[in-house]
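The block underneath contains the structure these notes are about, expressed in structure tokens.
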Amino acid sequence: MKWQKVLTLVIIILAVVSASIYGAMIPINWQGFGVSSLVLLVAIIFQRKSLKKEIQEGKEGKYSLQSFLEFTNKLESNLRQILNKNFPITNSQIEKIIEKETEKISLEMDSFKNKIIEEIGVGKFTEIMTTFAKAERKLNRAYSALIDGYKEETLSDVEESIRLIDETRKIIEKYITK
């Protein structure tokens, strides 16, 4: 797919250059100019179709808004393990869950950012990320509280992080249905 993009861009550049050369001749070589312009038009149409396909695949792809919704669902599910009163877990287990989830957030967010901005625009992305960033900060605070030995504060911060993730999910769903 990458080579097709490069080839199309090279064809566009060559068509522009040749059309410019034929158009600059005195007298104008209309036949050469027409052929170059036609090649340029076909290459531009091909490039547009390719970009439309890429955008559509992005909406359904690994880092699309839909996959970010799934990411937040998994994140919330994993964090709920910490609050499950039927299966109490140790501080060490809580630490492992929080570390794993914050690491996933750090590794994945840049990829999500670019695709989601392409899909829904900067304004809507900012609305989603403002709430999600609050959830991430609460998760980081939970980790700090746990390390400092404040388990109740940890649980409270995890609970607040889950609430903010749920709020984020509602915002995402609002933009997916449109």
Side-chain angles (χ1 to χ4, degrees), residues 1-16 39-84 93-146 154 156-178:
M1 186 76 163
K2 184 106 174 153
W3 67 269
Q4 290 174 333
K5 280 181 164 179
V6 172
L7 181 62
T8 304
L9 291 174
V10 167
I11 291 171
I12 289 172
I13 291 168
L14 291 175
V16 167
V39 169
L40 177 60
L41 181 64
V42 170
I44 290 172
I45 290 170
F46 181 74
Q47 181 72 5
R48 284 188 56 164
K49 284 184 180 181
S50 174
L51 288 173
K52 282 181 183 179
K53 182 179 177 186
E54 189 177 310
I55 289 169
Q56 184 59 33
E57 286 172 355
K59 288 182 180 177
E60 300 161 358
K62 183 176 180 185
Y63 295 108
S64 66
L65 188 59
Q66 179 64 42
S67 65
F68 186 62
L69 178 63
E70 294 163 11
F71 178 84
T72 59
N73 287 337
K74 288 176 189 170
L75 175 62
E76 180 181 346
S77 174
N78 292 340
L79 292 177
R80 284 198 182 279
Q81 294 174 22
I82 295 170
L83 301 177
N84 189 341
Q93 291 169 316
I94 293 171
E95 183 179 348
K96 284 179 185 173
I97 291 170
I98 293 175
E99 276 183 353
K100 180 181 164 193
E101 297 309 317
T102 54
E103 184 177 334
K104 275 195 244 176
I105 291 169
S106 296
L107 293 173
E108 300 287 329
M109 285 317 299
D110 194 43
S111 297
F112 275 119
K113 179 187 88 171
N114 296 330
K115 288 289 187 181
I116 294 172
I117 288 173
E118 285 176 20
E119 191 175 334
I120 62 171
V122 175
K124 293 174 183 174
F125 171 79
T126 303
E127 182 182 355
I128 291 167
M129 283 301 122
T130 299
T131 306
F132 188 76
K134 290 176 187 176
E136 184 182 10
R137 278 194 299 279
K138 278 295 183 181
L139 195 55
N140 288 330
R141 286 188 55 166
Y143 185 79
S144 294
L146 182 67
T154 299
S156 174
D157 285 339
V158 167
E159 195 171 340
E160 180 64 9
S161 181
I162 290 171
R163 186 192 69 73
L164 290 163
I165 291 167
D166 186 52
E167 192 176 319
T168 301
R169 194 172 48 253
K170 288 175 184 170
I171 297 168
I172 294 169
E173 288 170 346
K174 176 174 75 173
Y175 293 124
I176 286 178
T177 58
K178 288 186 176 181

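Owing to the predicted nature of the structure, the values given are computational and were not obtained by experimental measurement.
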Note to self: Any heavy-atom pair between the side chains of Phe132 and Arg169 that's under 4.5 Å?
What the structure shows: no

Checklist line | Salt bridge present between Arg163 and Glu159 (N-O < 4.0 angstrom) | finding: no

Check: What is the distance from atom CD1 of Ile120 to atom CD of Glu127, rounded to the nearest 0.5 Å?
Finding: 8.5 Å

Check: Which heavy atom in Leu65 sits nearest to a heavy atom in Tyr175, and how many Å separate them?
Finding: CD2-CB, 4.0 Å

Checklist line | Minimum heavy-atom distance between Ser161 and Leu79, given as atom pair plus value | finding: OG-CD1, 4.1 Å

Checklist line | Point-to-point distance, once rounded to the nearest 0.5 Å, from CG of Asp157 to CD1 of Ile82 | finding: 11.0 Å

Next item on the list: Give the C-alpha distance, both sets of side-chain angles, the deciding distance and a yes or no for side chain to side chain contact (heavy atoms under 4.5 Å, CB included) between Ile105 and Leu139.
Entry: CA-CA 11 Å; Ile105 291 169; Leu139 195 55; 4.2 Å; yes

Notebook entry, point to check: Rounded to the nearest 0.5 Å, how far apart are CD1 of Ile117 and CZ of Phe125?
Noted result: 4.5 Å

Next item on the list: Decide yes or no on side chain to side chain contact (heavy atoms under 4.5 Å, CB included) for Met129 and Phe68, but give the supporting numbers first.
Entry: CA-CA 11 Å; Met129 283 301 122; Phe68 186 62; 3.3 Å; yes

Checklist line | Pair Glu70 + Lys74: basic N to acidic O under 4.0 Å | finding: no

Check: Quick one: are Leu69 and Thr72 in side-chain contact, heavy atoms under 4.5 Å?
Finding: yes

Notebook entry, point to check: Out of curiosity, Ile98 CD1 to Glu103 CD, how far, rounded to the nearest 0.5 Å?
Noted result: 14.0 Å

Checklist line | Between CG on residue Asn73 and CG on residue Asp166, distance to nearest 0.5 Å | finding: 9.0 Å

Next item on the list: Report, as yes or no, whether the 6.0 Å neighbourhood of atom NZ on Lys104 holds more than 12 heavy atoms from other residues, nucleotides or ligands.
Entry: yes

Checklist line | Interatomic spacing from NZ in Lys100 to OG1 in Thr102 - rounded to 0.5 Å | finding: 11.5 Å

Check: Of the non-hydrogen atoms in Ile97 and Asn78, which two are nearest, and what is the gap between them?
Finding: CG2-O, 3.7 Å

Next item on the list: Can you see which heavy atom on Leu164 is nearest to which on Thr131, and at what distance?
Entry: O-CG2, 3.5 Å

Checklist line | Reference residue Tyr143; test side chain to side chain contact (heavy atoms under 4.5 Å, CB included); the match among Lys138, Glu95, Glu101 | finding: Glu95

Notebook entry, point to check: At their closest point, which heavy atom of Phe112 faces which heavy atom of Ser67, and how far apart are they?
Noted result: CE2-OG, 3.4 Å

Notebook entry, point to check: Where do Ala142 and Val158 come nearest, in terms of heavy atoms and distance?
Noted result: CB-CG2, 3.7 Å

